[in-house]
There are 2 protein chains.
Amino acid sequence: MGVNLKDIAQRAGVSLATVSNVVNGYRPVGERTRQRVQQAIDELGYSPNLGARHLRRGRTGLIALAVPELTNPYFAELAEIAISEAAALGYTLVMENTAAQREAELALLDGSRQRVIDGLILSPVRVGRKEVLARTAGSPLVLIGEGVYDVPHDHIAIDNVAASHAAIRHLVAIGRRRIAFIGATPGGDRQSAHLRVRGYREALAAAGLPYRPRLVARTDAFGRLDGMRAMRDLLALGDPPDAVFGYNDLIAIGALRALAEAGHRVPEDVAVVGIDDIEEGRFTAPTLTTIAPDKREIGRLAVRRLVARIEGAEVEGPLTVQTPFRLLRRESTGTPDA
Amino acid sequence: MGVNLKDIAQRAGVSLATVSNVVNGYRPVGERTRQRVQQAIDELGYSPNLGARHLRRGRTGLIALAVPELTNPYFAELAEIAISEAAALGYTLVMENTAAQREAELALLDGSRQRVIDGLILSPVRVGRKEVLARTAGSPLVLIGEGVYDVPHDHIAIDNVAASHAAIRHLVAIGRRRIAFIGATPGGDRQSAHLRVRGYREALAAAGLPYRPRLVARTDAFGRLDGMRAMRDLLALGDPPDAVFGYNDLIAIGALRALAEAGHRVPEDVAVVGIDDIEEGRFTAPTLTTIAPDKREIGRLAVRRLVARIEGAEVEGPLTVQTPFRLLRRESTGTPDA
DNA sequence: CATCACCTGTATAACGTTATAGAGCCGCGC
DNA sequence: GCGCGGCTCTATAACGTTATACAGGTGATG
């Protein structure tokens, strides 16, 4: 069904290898021959069979981006960026959905998929340092987000502790004293939540506010529903919070919903802050104050690093890169930016 | 870096071909030999090199799902379903983002990507019947959503006219008389919008209500921002609507935001209905009434049809399948379901 | 006992590409 | 005039798999 190198070679009256050299620029080819070959390529409409090329080269041209949930807009937005960056570098990005399941993450780290992709970008949730170190697959791995540190792989993330600080400082600055956190996790396996809780505690301490364990709500997952339920529980406390910091925007949006249902005003009664800056947060009522990571930077950097490793390039700088973030003030804390 | 058939063949003391037959079950193999080979496979940890297999078979095992925007939750939710269905059938699904651009859609229909994927599921926005018919690439194509009809390809969609009917009937039933539509498109290239407008007009007529062109708002795209802007314009009319039907949930959510900003109560002053049943609509304030397509059915059917065509199976039934939908009443029309 | 069919297993030619070794040719220097 | 290096180009062997044709052995049939 396809035009192949042989067809071009016949048409142009040269050898197979010469056509290959014209296509890949691997060896110098005389100007006249090059033109004749190029003309044949244009006339017959040749495009290389990637399967064969990759068999020969030992690479597939595929990289995978594995996220815990496709339907979390943060990851969808990140994926959109990563896909276009990968395309620009000549790679095809395959989305993998781990559904936040340990087995799925392990299978990606070491499973048979490894034979078909050249490299993996993983947002780990259920695996930790140990599992990453135990990995035997040889293809490059880039970690994004949090959860795993001190491993010999590139790692792109924001400084979660600092991000928490910024959120809490803002809430303190607008006069809040009873600040809750939603999205702590039971196990020690999701370190990002721990980091965000740590930043929360440190910032409270810095502001001279007491740490009240009852104001830290645990959730099983990190969706809107989890945020809503946790917020309901917090409101049922004898002395409910006057501000809430959510593990992410989805949790914060769930909290907004619970507050609306219970008839509390935001931000007058309770202020709300999230993390991720998903587009949805610009349209909620009220709009959501959030910590905005530089998604473009994260997506592009992750893909570029991975491709550089795949192609054996020397990568300068440290393995771990912390990307910038900023606080976006919106209605849910009462002091919108301009 | 990998164990290959030859290694297994040596270890088991049989020929290459026999190992291949054990792996693929293509030819009968004696029980004793099979066990010896299987043992060698287990011991050495063999898994086939998919690149080579696909080169030989002429297929890559990749199918693409091309959508106009990854960040539209409807497509993210659909993708999640399609990915797992594809995996169950032994295929890898690659997401492609056309960004609602004509060039991107054309490139997918006929471009060089066609050499690397076995089949394509496309949600067309900017190409029409003509472009699909002009396609020369030989791989199977399944269309989802609307926009293109009367082409020799499988097509999975809901009945848009009927969906509009259901939405408008509901609004009429709760006593609305000035019902607006947001999301008509200027060109004739996005037929789904036309179909939904048609259903809107027909249902108005059936209810004995006049069709007011000024209540049909055009938008460039179909995001929250478009819905918000259009709603603002509608509110600026001398005689604003008492209900709004959005082209999709995102548009309806944008409308909700504009209404909140302008201080209108929903549903008391203006009722709002969308289409898609994205999760976000269950958490807005108020929650969003919507027409819910059966996303699971759409995603699974699209993948199954495509794979069946790729594998040359006979597919029974007509090319075009209309999947079911239902109306979910929530707060934005004042009459939540149980 | 010869013929035939059948059943297992084997040898080998593809699939389309790239990398390696080398062939031909030309001009330059000794 | 011969050898040598440099420049193009060619022939060909892989890459790992599957499909085809065939070989060898066994049992049944005439």
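Below, read A as the first sequence line, B as the second, and so on, with proteins coming before strands; counting in each chain starts at 1. In this text the structure is predicted, and so the values were computed from the model without any measurement.
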**Asked** When you match B:R57 and B:E31 each to their closest nucleotide on DNA chain C, which lands nearer the 5' end?
**Response**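 It is B:E31 whose nearest nucleotide is closer to the 5' end.
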
**Request:** Find which nucleotide of DNA chain C each of B:G30 and B:A52 is nearest to by heavy atoms, and output the residue with the more 5' nucleotide.
**Result:**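 Nearest nucleotide further toward 5': that of B:G30.
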
[N] phosphate, OP1 or OP2: any side-chain N/O from [X] under 4.0 angstrom?
X: B:N24; N: D:dT18; answer: yes
X: B:T18; N: C:dG9; answer: no
X: B:S20; N: D:dT17; answer: no

**Asked** Ignoring hydrogens and angles, does a donor from either the side chain of A:R56 or the base of D:dA14 sit under 3.5 Å from an acceptor on the other?
**Response**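 Flag set: donor-acceptor pair detected.
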
**Asked** C:dT17 base to A:R53 side chain: any donor-acceptor pair below 3.5 Å?
**Response**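 Result: no qualifying N/O pair found.
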
Between [atom2] on [N] and [atom1] on [X], what's the gap in Å once rounded to a whole number?
X: B:N4; N: D:dA14; atom1: CG; atom2: P; result: 14 Å
X: A:K6; N: C:dT18; atom1: NZ; atom2: C1'; result: 16 Å
X: B:L55; N: C:dT18; atom1: CG; atom2: P; result: 12 Å
X: B:N49; N: D:dC15; atom1: CG; atom2: C1'; result: 8 Å
X: A:L5; N: D:dA11; atom1: CG; atom2: P; result: 15 Å
X: B:L50; N: D:dG16; atom1: CG; atom2: P; result: 13 Å
X: A:L16; N: C:dG22; atom1: CG; atom2: P; result: 20 Å
X: A:R34; N: D:dT8; atom1: CZ; atom2: P; result: 10 Å

**Asked** Is it the case that B:D294 and B:T323 place a side-chain donor and acceptor less than 3.5 Å from each other?
**Response**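 Looking only at side-chain atoms, B:T323 and B:D294 do not form any donor-acceptor pair under 3.5 Å.
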
**Request:** Examine the side chains of B:E43 and B:Q39 and answer whether a donor and an acceptor come within less than 3.5 Å of each other.
**Result:**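 Indeed, the side chains of B:E43 and B:Q39 share at least one donor-acceptor pair under 3.5 Å.
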
**Message:** With a 4.0 Å cut-off on N to O distance, would you call B:K295 and B:E77 a salt bridge?
**Reply:**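 A salt bridge links B:K295 with B:E77.
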
**Request:** Considering only NZ, NE, NH1 and NH2 on the basic side and carboxylate oxygens on the acidic side, decide whether B:R102 and B:E131 come within less than 4.0 Å.
**Result:**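 Looking at B:R102 and B:E131, the cut-off is met.
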
**Request:** Would you indicate which nucleotide in C:dA11, D:dA11, D:dT17 comes nearest to any side-chain atom of B:S15?
**Result:**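 Selected nucleotide (nearest to the side chain): C:dA11.
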
**Which nucleotide in D:dA11, C:dT17, D:dC15 has an atom nearest any side-chain atom of A:A17** =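 So the nucleotide nearest the side chain must be D:dA11.
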
**Asked** Between A:L5 and A:S20, which heavy-atom pair has the shortest distance, and what is it?
**Response**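 So the minimum-distance heavy-atom pair works out to CD1-CB, 4.0 Å.
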
